[in-house]
Structure formats: structure tokens, C-alpha cells
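Shown next, in C-alpha cells, is the structure this report addresses.
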Amino acid sequence: MKTTSILAATALSIPLLQAQTSSLQDVGGASWKELPAITIYPAREVVTLDPDRPIAKAVAVVGDRILATGDVESLKQRAGEQEFRIDETFADKVIVPGFLAQHDHPVLTALTMASEILAIEDWVLPEKTIPAVKDKDDFMKRLAEAEKALEDPKEPLVTWGYHPAFYGPINREQLNGISKTRPVVVWARSCHEFILNDAALQAAGITREVMNGWSKSQQEQSSFEEGHFWEQGMFAALATNLATIVVTPEKLQAGLEIARDFMHSKGITFGNEPGGILVKPVQDGVNAVFSQPTMPFRWTFMVDGKTLCDKYDDDAQVLEESAKVASWYHGMTSQAPKMVKLFADGAIYSQLMVVREPYLDGHKGEWMTDLEVFQRAFRIYWDAGYQIHIHVNGDAGLDRVLDTLETNLRRNPRFDHRMTVVHFAVSAKDQVERIKRLGAIVSGNPYYVRALADNYSEVGLGPERADQMVRMGDVERLGISFSYHSDMPMAPADPLFLMWCGVTRQTTSGRVAAPDQRVSREAALRAVTLDAAYSLKMENELGSIVTGKLANFTILDDNPVTCDADAIKDIAVWGTVHEGRVLPVAERKDGGETAAASRTTGFASAAPSPHLVLQAAETDGHDHDHASGCCSCRVNRALVAAMFRDPSTPPAR
């Protein structure tokens with residue numbers, strides 16, 4: 001990983017040198033290079049997550065690295081004659097390790113946040129707050145108002161956030177009631193399904209004849225009559241001209257800037273997208289915002305193993321192509337080294353996870369990857385030494401994941417493999433014990449309990465399964481490393497809010513779901529810092545305030561480990577320190593938080609438009625026959641086509 005410090009090598013040698021010296025001056029002499037000026041930051045508290053010194057009163061930083069923790073006087077004495085300065089900016093604040101966004105999706109976030117948001121919860125964005133939808137009537141009313149507000153009669157209306165389990169099913173005839181001429185697209189809260197009106201079907205070029213050419217799985221996960229496309233059917237629909245309706249370069253850039261500012265306002269200092277984009281022009285569009293030197297955090301991308309295994313029959317070529325993608329990143333973006341994302345079953349928000357016991361209404365979950373493809377992909381990357389992260393939501397889906405892990409452990413034993421169970425919605429206690437025995441770790445989304453437990457107790461899962469979702473109490477008791485993620489836009493990328501969800505397990509009705517599954521305060525903090533770093537194999541660089549690590553801090557108004565549990569979600573974020581750069585969060589005109597700005601330079605206008613970055617190309621770098629199979633590469637190709645299309649030219653039929 002690249003760093004900004006010209007003396008990174010010196011800083012990395014500090015832990016060894018300090019064992020042999022008594023002052024920072026000695027450290028500088030022993031490293032035979034003069035250290036740059038030291039900055040000492042006093043604070044009300046420094047929560048280090050260092051077992052040797054869990055709480056400190058100050059932290060010393062040199063360049064982009066942590067030099068030491070302690071109190072001001074001890075750090076001054078240790079500095080000796082070495083130049084230092086005292087910065088009182090955080091004197092009344094609490095410094096914690098920089099928050100990590102372990103699993104978020106910048107493009108999905110950009111496109112959903114730049115759409116007409118009509119969702120099951122409030123969304124507080126940098127420049128506005130969108131209140132939650134009350135019921136289906138409220139949704140239809142607000143959607144009709146949004147349609148009337150569009151001046152161009154041909155402009156598509158794309159809304160995100162509708163949830164059938166909360167508001168009831170919706171179909172194309174109901175959307176025709178909003179408009180018979182304007183394309184109307186409802187992108188469901190799960191992000192795994194679309195509902196289209198007649199005009200949108202026509203604009204997308206989706207007909208019965210077109211659908212007859214889709215694979216069996218794609219047809220089974222689609223309904224032309226309802227205008228409804230989910231899971232593999234959604235991918236097939238997006239590979240038509242539907243993508244030209246959902247995305248434009250302007251929407252992508254605007255949404256990425258919203259995502260950037262939102263995440264910084266929540267204290268995030270490092271982020272990761274599992275299943276990175278496999279179309280270079282699209283990645284270039286992301287880089288236009290996320291690779292800029294003024295970004296307040298770094299971002300890594302994992303390889304999308306499913307797409308590459310769908311494409312290439314030769315195992316060696318799968319690995320070769322996986323490595324090639326690393327050259328697409330620069331600046332503040334990079335490829336997560338030897339990490340891969342795979343998929344098991346469907347999305348929790350659409351209740352398409354595959355479960356052991358039937359759903360209350362008898363519907364069935366869906367597999368996102370057919371068994372043969374899943375097993376082959378797992379074997380390829382396992383044998384190549386990759387850390388494997390697997391999207392899995394149902395307990396039957398988790399059985400498949402753990403069965404495959406155990407088969408490969410027996411066939412080709414690996415130690416410290418850190419296979420990561422991602423999302424961890426519905427599970428059983430015996431599976432937690434098996435996770436421990438097989439040496440896997442967990443990255444869960446605690447927001448599922450908050451947002452869904454009440455509703456899913458009555459719809460789909462029933463009370464016991466709904467309340468036991470994301471059973472992190474069992475995970476903590478067995479000593480399994482676990483992290484939290486938001487999967488934004490599946491939940492707000494707000495680590496303090498995720499901590500609160502895990503510590504309290506309060507549902508939207510205010511009750512506590514499965515109290516025994518609550519986690520400790522420190523475990524929750526570790527889940528968004530040190531254990532999140534561990535899940536990305538970056539615990540030696542990030543996640544705690546320890547000598548030699550990167551100087552990444554989140555600056556808070558209170559200590560989330562000792563404040564009242566219910567107050568964790570309301571702790572104000574002052575800003576961050578990112579690799580030594582002090583980055584406060586600016587104030588919104590209405591008093592809320594908005595786009596962050598460095599003391600020396602702002603973020604706004606730093607990124608060139610994707611219009612300038614996206615270069616027209618005949619291929620996407622992964623050109624292949626898309627006639628069959630479910631491949632996210634198809635979605636990205638469609639997005640590229642949408643970005644390159646002249647806005648004055650109607651979509652192709």
C-alpha cells in the first residue's frame with residue numbers, strides 16, 4: 001500500500017528501535033535519518049485498542065505514521081531535542097482508531113443516492129434529508145409528485161428504496177398509473193430487483209421474444225407480466241438498454257461525490273468494495289472521484305471471482321485476469337491483494353436468501369451462483385492462496401459455504417486463511433461453532449436487525465429467525481473475529497450507528513431483538529476498526545493507535561465504549577486524521593454535517609468529470625460471449641454503453 005510520507009520506511013522501523021532506546025531523539029539517531037517535526041495531539045481521551053496502553057491522553061504523529069501514545073509531558077520528554085509542536089485541536093475530543101468501511105459499494109451507492117430516494121428509513125445526506133416512506137399510499141403519492149416535477153417529458157424517473165415486504169407488491173400496471181409515456185423504474189431496496197412500467201420496458205427493449213433468449217434461471221427470476229426482474233433476471237434486464245435509463249455519467253459523478261462526503265462525515269478513513277468493477281472505463285469513472293489526492297480516505301477493490309469464472313474455462317487464465325486488474329487503480333484507489341468476492345444465495349432485503357426451514361408464505365430463495373460454478377471458483381482461488389469473502393444470507397446458503405470450505409481444507413489444508421462469511425443474516429448456533437472449527441471469520445451487517453426484524457417476524461421468517469439475525473453474541477462468545485459493514489446502500493455507511501445496532505439490537509419499534517446476541521462495546525468498536533482491518537489483512541497498518549501504524553484517527557465528541565449505550569449513534573464526528581492529514585467535517589447550512597474539507601484544500605471540484613475520463617472503447621477488457629449465464633460483467637458493459645450514449649440519441653432497440 002502506498003503512503004504519503006517520504007519517511008515511511010523510517011516510521012516502519014520505529015517499533016523495533018523503541019525497544020532499544022528511551023527517547024524519540026534516540027529513535028531518530030538510531031534510524032540514521034532525521035525525523036520530520038513531531039506533532040503531539042492532546043485529547044480528552046485516546047482509545048487506542050492497544051492492550052499494553054488501552055487509554056492515553058495524547059498521541060504523537062510524524063509524517064503519516066503514529067510515533068507514540070502517552071500523556072503530553074511524557075511525549076515531550078521522549079522527544080528530547082527533536083523538533084515538535086503541540087496541536088490542541090482535539091484537546092476536548094476523543095480520538096479513536098480511524099473507522100473502516102469494510103464492505104461498501106461506491107457505484108451502487110452513487111446511483112441509488114442520486115435517484116429519487118423513497119425508502120423504508122430516513123436518509124440524511126450531505127445536502128438534504130429524505131424522510132422514510134410511511135406506506136404504499138405515501139410511496140405512490142410521492143412518486144407521482146416526483147414525476148410531475150420533471151420538466152422534460154422524456155426524462156426517465158428512477159426511484160430507489162421500495163420494499164415489498166413493508167408496502168406490498170408493486171407491478172407495472174400500478175406504475176403505468178404514474179405515467180404511461182415516461183419510463184418509470186422502481187429499483188427495490190435490496191438493489192437486487194427492478195419493477196418497470198410499460199414505457200420503461202419499451203425503452204429498455206425488453207420483450208417476450210427477448211426474454212425467450214435468456215437462460216432458464218434468468219427467465220425463472222423474471223416476470224414480464226409484472227414488469228419484475230430479480231437476481232439473475234435483474235442482470236439479464238440490465239444487459240438490455242435498461243442501463244441507459246438507470247445510469248448517466250452525470251449521475252455517477254454526482255452520486256460518487258455524495259458517497260465520498262457522506263462517508264467522511266461519518267468518520268471513515270479507509271474503505272473496500274468486494275467484487276470490484278471489471279470494466280475499465282467504468283472504473284476510470286470511479287477513479288475520477290475516488291483516486292484524487294484530496295480524497296479523505298483510501299479505497300480498495302476486491303476481484304469479482306464469479307464473473308471471471310463465468311468467463312474463462314481455463315483456471316490459470318482466471319487467476320491471470322484477476323491479477324491484471326491491479327493496473328486499473330492509482331492514487332487513493334488500489335486492488336486488495338489476493339482477495340476475491342464470491343456469491344452464494346440471494347439478498348435479504350428481497351427475502352431471497354436460501355433457508356433451511358421454509359418461509360412462512362412458502363416462497364423459495366434463490367442461488368446467485370450455481371453450485372458447480374461456486375465450487376470451481378472457490379477451488380481456484382483457494383489453491384492460489386487468496387482470501388475468499390463470500391456473500392451469504394441464508395442458513396442453507398451458509399451450509400453450502402461451510403461445506404465447500406471444509407472440503408477444500410481437507411483437500412488442501414491452509415492456515416490463517418480468514419475465509420470471510422459476509423452479511424451473515426440467517427444462521428444457526430451449530431453453524432457458529434462450525435465457523436470457529438473451520439477457522440473462518442465473520443463480517444455481519446447489524447442493521448438487518450434494526451430495519452427488518454419487526455417486519456420479518458410477521459413476513460417470511462417468523463419471530464425466532466427474524467430476531468436471531470446476525471447472531472454476533474454467539475460469535476463473540478466463541479472468540480471468532482468479526483467485523484461490521486454497512487454494505488451501503490443496504491445500510492448507511494455510519495460506523496457509530498452500526499456499533500449502536502450491534503450493542504443494543506433495538507428494532508424500529510424500540511424493542512430489543514434477541515438480547516443474548518448483543519455484543520460488548522469494545523467488540524463493537526473493534527468491529528469497525530481493528531477487526532475490520534484484520535478481515536482485510538491490514539491489521540499491521542490500520543485499526544488501532546499503535547506505534548508504526550498509519551496515523552488514521554476518527555475524532556469524536558464522546559467515547560463510544562463508555563458513554564450511555566443508547567447514545568452511541570448520536571456521538572458527533574468532528575472529522576478525521578488520515579495519514580497525518582487533519583480533515584474536519586464542514587458544517588451544513590441547516591446545521592447538519594456536509595462535505596468535508598481539508599485545512600488546506602477542499603474536495604469539491606477536485607475530480608474531473610467522467611465525461612473527460614471515460615474513453616470510448618469497443619471492448620471492456622473482458623469481451624466474451626454473453627449469450628448465456630449470469631455475469632456481472634454484462635451489467636458493467638451495459639453501464640459503459642449508457643455512459644457513452646449521446647443524451648440526444650434515443651436508446652437502441
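Just so you know, these numbers use all the heavy atoms, side chains as well, and skip hydrogens, waters and symmetry mates.
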Partner set under side-chain contact (heavy atoms from CB on, under 4.5 Å) for Ala91, not counting sequence neighbours: Glu88
Side chain to side chain contact (heavy atoms under 4.5 Å, CB included) assessment of Gln387 paired with Met302: CA-CA 10 Å; Gln387 183 191 2; Met302 280 184 204; 6.0 Å; no
Judged by atom type as modelled, is there a donor-acceptor pair below 3.5 Å linking the side chain of Gln82 to the main-chain atoms of Ile38? no
If only atom types and distance count, is the side chain of Ser544 paired as donor or acceptor with the main-chain N or O of Leu49 below 3.5 Å? no
Short side-chain to backbone donor-acceptor contact, Asn287 and Trp328, under 3.5 Å: yes
Less than 4.0 Å between a side-chain N and a carboxylate O, is that true for Glu73 and Lys76? yes
With sequence neighbours left out, what residues match Arg44 under side-chain contact (heavy atoms from CB on, under 4.5 Å)? Val94, Asp558
Salt bridge check, Arg450 against Glu121: does any charged N sit closer than 4.0 Å to a carboxylate O? no
Roughly how far apart are Ile568 CD1 and Cys563 SG, rounded to 0.5 Å? 5.0 Å
Do you see a donor-acceptor pair shorter than 3.5 Å between the side chains of Asp87 and Thr39? no
Return yes if some donor-acceptor pair links the side-chain N/O of Arg53 with the main-chain N/O of Thr69 below 3.5 Å, else return no. yes
For the CZ atom of Phe378 and the CE atom of Met419, what is their distance to the nearest 0.5 Å? 6.0 Å
Is it true that a side-chain atom of Asp487 and a backbone atom of Asp104 form a donor plus acceptor pair closer than 3.5 Å? no
The residue among Gln517, Arg505, Arg511 that forms side chain to side chain donor-acceptor pair (under 3.5 Å) with Asp467 is Arg511
Go through Met113 and Phe262 one step at a time and tell me if the side chain to side chain contact (heavy atoms under 4.5 Å, CB included) criterion holds. CA-CA 10 Å; Met113 295 298 104; Phe262 179 90; over 6 Å; no
Calculate, to the nearest 0.5 Å, the distance between atoms CG and OG1 belonging to Asn552 and Thr576 respectively. 8.0 Å
Here the pair of heavy atoms bringing Leu256 nearest to Pro106 is CD2-O, 3.7 Å
Give, for atom OH of Tyr329 and atom OG of Ser291, the distance between the pair rounded to the nearest 0.5 Å. 10.0 Å
Do Val585 and His264 touch side chain to side chain, with heavy atoms closer than 4.5 Å? yes
4.5 Å side-chain heavy-atom contact, Val286 and Phe301: yes
Which residue, Ile66, Val61, Asn540, Leu542, forms the side-chain contact (heavy atoms from CB on, under 4.5 Å) with Leu550? Leu542
Looking at CG of Asn559 and CD1 of Ile95, how far apart are the two atoms once the value is rounded to the nearest 0.5 Å? 12.0 Å
When you look at CD of Glu406, are more than 12 heavy atoms from neighbouring residues, nucleotides or ligands closer to it than 6.0 Å? yes
Please walk me through it: do Arg298 and Ser334 pass side chain to side chain contact (heavy atoms under 4.5 Å, CB included)? CA-CA 8 Å; Arg298 293 188 184 273; Ser334 61; over 6 Å; no
Looking at Arg418 and Glu539, is any side-chain nitrogen of the basic one under 4.0 Å from a carboxylate oxygen of the acidic one? yes
Which of parallel (below 30°), tilted (30 to 60°) and perpendicular (above 60°) describes Phe290 and Phe297? perpendicular
Can you tell me if Lys569 uses its side chain to pair, donor with acceptor, with the backbone of Trp500 under 3.5 Å? no
With a 6.0 Å cut-off on ring centres, are Phe424 and Tyr448 close enough? no
Less than 4.0 Å between a side-chain N and a carboxylate O, is that true for Lys57 and Asp71? no
Has the side chain of Tyr41 got a donor or acceptor atom that lies under 3.5 Å from a matching backbone atom of Phe90? no
Might you point out which heavy atoms bring His485 and Ser443 nearest each other, and give the distance in Å? ND1-OG, 2.7 Å
How close do Lys537 and Asp416 get, counting heavy atoms only, and between which atoms? NZ-O, 4.1 Å
Polar side chain donor-acceptor pair, Tyr381 to Ser322, under 3.5 angstrom: yes
Any idea which heavy atoms bring Gly397 and Ala344 closest together, and the distance? O-CB, 4.5 Å
Output yes when a side-chain donor or acceptor of Thr48 lies under 3.5 Å from a complementary backbone atom of Pro54, and no otherwise. yes
Are His103 and His105 close enough that their ring centers fall under 6.0 Å? yes
Keeping the roles fixed (side chain from Thr269, backbone from Phe99), state whether a donor-acceptor pair exists under 3.5 Å. yes
Val449 to Ala513 - nearest heavy-atom pair and separation: CG1-CB, 3.7 Å
Before you tell me yes or no, could you show the steps for Thr333 and Met295 under side chain to side chain contact (heavy atoms under 4.5 Å, CB included), namely the whole-Å CA-CA distance, both residues' side-chain angles and the distance that decides it to 0.1 Å? CA-CA 10 Å; Thr333 62; Met295 272 291 288; over 6 Å; no
Can you check whether Gly267's main-chain N or O pairs, donor with acceptor, with Thr554's side chain at less than 3.5 Å? yes
State the CG-OG1 distance between Leu67 and Thr547, to the nearest 0.5 angstrom. 6.5 Å
